[in-house]
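Presented below is the structure to which this report refers.
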Amino acid sequence: MSKQPTEVELLVTELGEDGLGHSELNERPVWVRNALPGETVKARILKRRRGIRFADGEWLADAHPDRQPSACEYFPRCGGCSLHHLSYAAQLRHKEAGLHKQLARVGIEPDSLPWRKPVGEVRLGYRRKARLGVRALGDRVLVGFRESFSSRVAQISHCQTLTPELSRLLVPLQQLLPQLSIADAVPQIEFAQGDLDICVMLRHLKPLSDADLGLLQDFARQQRVELLLQSKGYDSLANVFNQAPPQHLTYQLQDYGLTLGFFPDQFIQVNTRMNRELVSTVMGYLHPLPGLKLLDLFCGVGNFSLPAARLGAQVYGLEFSDAAVAMAEVNAARNRLGGKARFGVADLYSTESLPNVSSQSEASSAYDALLLDPPRSGAGPHLANWLAQTKLSRIVYVSCNPATFADDAKIILDAGFSFQEVGVYDLFPQTAHVETIGVFQR
Ligand SMILES: C[S@@+](CC[C@H](N)C(=O)[O-])C[C@H]1O[C@@H](n2cnc3c(N)ncnc32)[C@H](O)[C@@H]1O
C-alpha cells in the first residue's frame, strides 16, 4: 500500500463544531485547521488517528465570504483557539447552527423554537482563568497552550484571549523558569484572576531549592501576583513566602451589589463581562423573583444563587464540591444574604430526588423554579426523576455543551415543559466552545 502524501489539495465541505474544516481524501475524513467550507486548501497532514487525518490548511482559492485575517499570529498552531479565521458574526451563526444540529439530533425541530439573538460582546482579552503547559527545550522553557493536534506546548509570547494582565505574565515566566534548578519538573502553570488580584499556581514534581524559592519570591514581588506552589493536588497549594494556603480572590456583580469570593482552583465563569450579562439574563428569565422558591443545581460559589437571593428569591443551592459550598455560604453571609440563600453538598449524579427547599416537612414540589448549570456531562441520570416528582413551573438551563443540553432538553420537554426561549451565549469567543441558555415553562 502506498504511503499517504503529506501534502494534498482539498476542497473543504463543512465547518465542524470543533472549528475544523471537513474534507475527504480517498473516502476517508480529513479535519483541517484554518479552513472554511467552499475553500480549496493545501492540506499538510500532521497526524493520523483511527483512519482520520488531521491537517494544517493553507488557503489556495475561493475564500469563504466570512474569512478574516487572524488577530492572533499563533493561530492555528496554538490550540487555545480555533476560530480566529472566521468573522465574529459568522462565529455566532456557526455556534447557533451547532445547537440547531444537536436539537435536531434528538428529534426537537429547531425551526419551531423561539430563538433569542446570539449574545457576544467581548471578542478578545476576556479569559481570566487558564491552565498552561510548560516544556523545557534545551535552555529555554515554553509556557503556553497545547498545540492543536499535538501535546506539544505552543511557542507564544502573548495571548489575545487571555486578559492583558495574564498575557503579560507569559514572557516573565518564560524568563524565570529556565533559572530554576527543577525547570524540567514543572509540567503546568495555572492562572486565576479576580477583580483585584492574580494567582499563579506552579505545579512542581521535584522539591524546590532555596535559590529557586528566592527566584520565585522575586517574581511574585515584581509581578505583584500571589504565587502558589503546588507539589501534589490542589490541597497542597501553598504561598511561596509563608507556605500558607491560598487567599480567596473576588469578583463583583455590581448590578446586585455583590462581591463573590472564590479560591484560585475553584470554578468560575471565565469571561467577566459576559458572565455579568449571563447573570442578568438568567435573573430576567426568573422574574419575578420576590418570594420565588428557587433550586440552583450545580451552584458553584453562588454565581446565580446570590443575585437571585438579592432580588428576593428564597434559594437553595446544591453542589458537589464541599469547598465551593463552603465558599458559597461565606459569600452569602458576607453579602448579608444568609437568610435568603442556603447551600448543601450533593453529588447530583447520584441524587434521585430533590431535597426540600426550606424545611424537612415541605414537599419537594415547594420549588417554583429550577436553575441548572451542570458540567459538560449534563444534568445527569436523574433529571427525569426530579421533574416527575415536582410541580416546578419554570426551568432555566445554562449549559457549556450543546450535545448534553439537547439530550436534557428532550427529557424536559417529555416531562411536559415547552421552550420559552433558547439561544447561544458566547462566553468563549474565537474558540469553538459555546454556552447555551434554554428557558422552559410548564
Ligand atoms: C458549569 S459549573 C457552574 C457553577 C456556577 N453555577 C457558576 O456559574 O459559577 C458546574 C458546577 O457543577 C459542579 N459539579 C460537577 N459535578 C457535580 C456533581 N456530580 N454533582 C453536583 N455538582 C457537580 C462543579 O463543581 C461546578 O461548580
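Along the sequence shown, residues are numbered consecutively beginning with 1. In listed order, ligands and their atoms are each counted from 1.
- Closest protein heavy atom to atom 8 (O) of ligand 1: Gln269 NE2, 2.8 Å.
- Considering backbone and side-chain N/O of Asp373, one or more are found under 3.5 Å from N/O of ligand 1.
- Side-chain contact, Thr281 with Tyr425: a donor N or O sits under 3.5 Å from an acceptor N or O.
- No side-chain donor-acceptor contact under 3.5 Å links Thr161 and Gln430.
- Contact between Leu15 and Ala35 at its shortest, heavy atoms only, is CD1-O, 3.9 Å.
- Given atom 15 (C) of ligand 1, the protein heavy atom at minimum distance is Pro375 CG, 3.5 Å.
- Using 4.0 Å as the threshold, Cys299 has a heavy atom nearer than that to some atom of ligand 1.
- In terms of N/O distances under 3.5 Å, ligand 1 is approached by Leu348.
- For Phe320, a nitrogen or oxygen atom sits less than 3.5 Å from a nitrogen or oxygen atom of ligand 1, counting backbone and side chain alike.
- In terms of heavy-atom proximity, Glu352 sits nearest to Gln389 at O-NE2, 3.4 Å.
- Below 3.5 Å of separation, one finds an N or O of Phe298 facing an N or O of ligand 1.
- A salt bridge does not link Lys47 to Glu147: none of the charged side-chain nitrogens sits closer than 4.0 Å to a carboxylate oxygen.
- Every atom of ligand 1 is numbered from 1 in the order shown, and the set under 4.0 Å from a heavy atom of Asp347 is 18 (C), 19 (N), 20 (N).
- Of all atoms in ligand 1, listed by their number and element, those nearer than 4.0 Å to a heavy atom of Ala346 are 20 (N), 21 (C).
- Using the six-membered ring where Trp is involved, His22 and Trp31 have ring planes that are tilted, between 30° and 60° apart.
- For the pair Cys400 and ligand 1, no heavy-atom separation below 4.0 Å is found.
- Given atom 27 (O) of ligand 1, the protein heavy atom at minimum distance is Glu319 OE1, 2.7 Å.
- Those atoms of ligand 1 that come under 4.0 Å of a heavy atom in Phe304, given as number and element, are 6 (N), 8 (O).
- Of all the atoms in ligand 1, the ones that sit under 4.0 Å from a non-hydrogen atom of Pro374 are 1 (C).
- Using cut-offs of 30° and 60° for the angle between ring planes, the Trp386 and Phe298 rings count as tilted.
- By the 4.0 Å N-to-carboxylate-O rule, Arg105 lies close enough to Asp407 to be salt-bridged with it.
- If you run ring pair (Phe, Tyr, Trp, His ring centres under 6.0 Å) between Phe440 and each of Phe417, Tyr397, Phe419, only Phe419 comes through.
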